[in-house]
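Throughout, residue positions are numbered sequentially from 1 according to the sequence presented.
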Amino acid sequence: MNEAELNAGLCATPQYRYADRLGDRLFVAGQVPLDSHGHLVGPQDPGAQALQCLRNLERLLAVHEFQIKDIRQLVVYVIGDQASLSAAWSAVAGWFGGQVPPATLLGVAGLGYVGQLVEIDATVIKA
């Protein structure tokens with residue numbers, strides 16, 4: 001990660017690279033529901049965690065001079081039952097005002113942090 005990402009409010013994460021820009025493309029690592037201090041947001045709440053992932057994604061895009069409209073595809077990973085997937089998806093749909101980019105919603109067995117229920121990955125290309 002770099003200083004601009006830290007200054008934007010993304011938490012310091014050892015051995016983790018948030019993004020790499022190549023021309024009009026931004027290769028983004030999966031965004032997790034940690035705040036700027038590295039604390040998990042929304043324990044047991046997939047909707048709150050999805051929103052934190054999206055806030056982090058928005059910060060990351062701004063640092064690298066991209067915008068939400070440049071998101072071309074999302075993958076939303078969720079631990080839990082159908083209700084958890086629905087809660088995460090509802091948060092994502094609300095964030096995008098019902099105009100979600102092409103997306104995949106996946107139920108998974110595990111994610112990287114204790115208590116983490118959601119991770120969001122994006123394909124980002126400037127128009």
Kindly compute the distance separating [atom1] ([X]) from [atom2] ([Y]), expressed to the nearest 0.5 Å.
| X | Y | atom1 | atom2 | value |
| --- | --- | --- | --- | --- |
| Ser86 | Leu105 | OG | CG | 8.0 Å |
| Leu51 | Ser90 | CG | OG | 9.0 Å |
| Tyr77 | Cys53 | OH | SG | 12.0 Å |
| Lys126 | Arg25 | NZ | CZ | 14.0 Å |
| Gln73 | Asp121 | CD | CG | 8.5 Å |

Considering non-hydrogen atoms only, spot the tightest contact between [X] and [Y] and give its length.
| X | Y | answer |
| --- | --- | --- |
| Ser36 | Gly9 | CB-O, 2.9 Å |
| Ala88 | Val118 | CB-CG2, 4.2 Å |
| Gly47 | Ala91 | O-CB, 3.4 Å |
| Ala48 | Val41 | O-CG1, 4.3 Å |
| Gly42 | Gln49 | O-NE2, 3.2 Å |
| Leu85 | Gly80 | CD1-O, 3.7 Å |

Practice task
Would you check, one step at a time, whether the test side chain to side chain contact (heavy atoms under 4.5 Å, CB included) holds for Gln116 with Ile79?
Solution key: CA-CA 8 Å; Gln116 180 183 357; Ile79 293 175; 5.9 Å; no

Exercise for the section: Not counting sequence neighbours, which residues clear salt bridge (charged side-chain N to carboxylate O under 4.0 Å, His left out) with Asp20? List them please. Expected result: Arg17

Problem - Result of checking Arg59, Arg21, Glu5 against His64 for side-chain hydrogen bond (donor to acceptor under 3.5 Å, both in side chains) - result: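 Among Arg59, Arg21, Glu5, the one meeting side-chain hydrogen bond (donor to acceptor under 3.5 Å, both in side chains) with His64 is Glu5.
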
Problem - Criterion side chain to side chain contact (heavy atoms under 4.5 Å, CB included) against Tyr18, the qualifying member of Leu26, Val63, Leu57, Thr13 - result: Thr13

Practice task
Consider only side-chain heavy atoms of I, L, V, M, F, W and Y, link residues closer than 4.5 Å, and tell whether Val28 and Ile125 are in one cluster.
Solution key: no

Practice task
Decide yes or no for Leu54 and Phe96: does some side-chain heavy atom of the first lie under 4.5 Å from some side-chain heavy atom of the second?
Solution key: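 Yes, their side chains come closer than 4.5 Å.
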
Exercise for the section: For atom NZ of Lys69, decide whether the heavy atoms of other residues, nucleotides or ligands shown that lie under 6.0 angstrom number more than 12. Expected result: no

Practice task
Give the intermediate values and the outcome of side chain to side chain donor-acceptor pair (under 3.5 Å) for residues Asn56 and Gln52.
Solution key: CA-CA 6 Å; Asn56 290 343; Gln52 183 63 39; 3.0 Å; yes

Practice task
Let me see the working for Asp70 and Leu61 under side chain to side chain contact (heavy atoms under 4.5 Å, CB included), right down to the final yes or no.
Solution key: CA-CA 9 Å; Asp70 297 321; Leu61 293 175; 5.9 Å; no

Practice task
Return yes if some donor-acceptor pair links the side-chain N/O of Gln31 with the main-chain N/O of Ala122 below 3.5 Å, else return no.
Solution key: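 Checked: no pair found.
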
Handout entry: Hydrophobic cluster of Phe27, others only, ordered by chain and residue number, side-chain cut-off 4.5 Å
Key =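 Leu22, listed by chain and number.
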
Problem - ILVMFWY clustering at 4.5 Å (side-chain atoms), partners of Leu34 - result: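 Via sub-4.5 Å side-chain contacts, Leu34 links to Val32, Leu40, Tyr113.
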
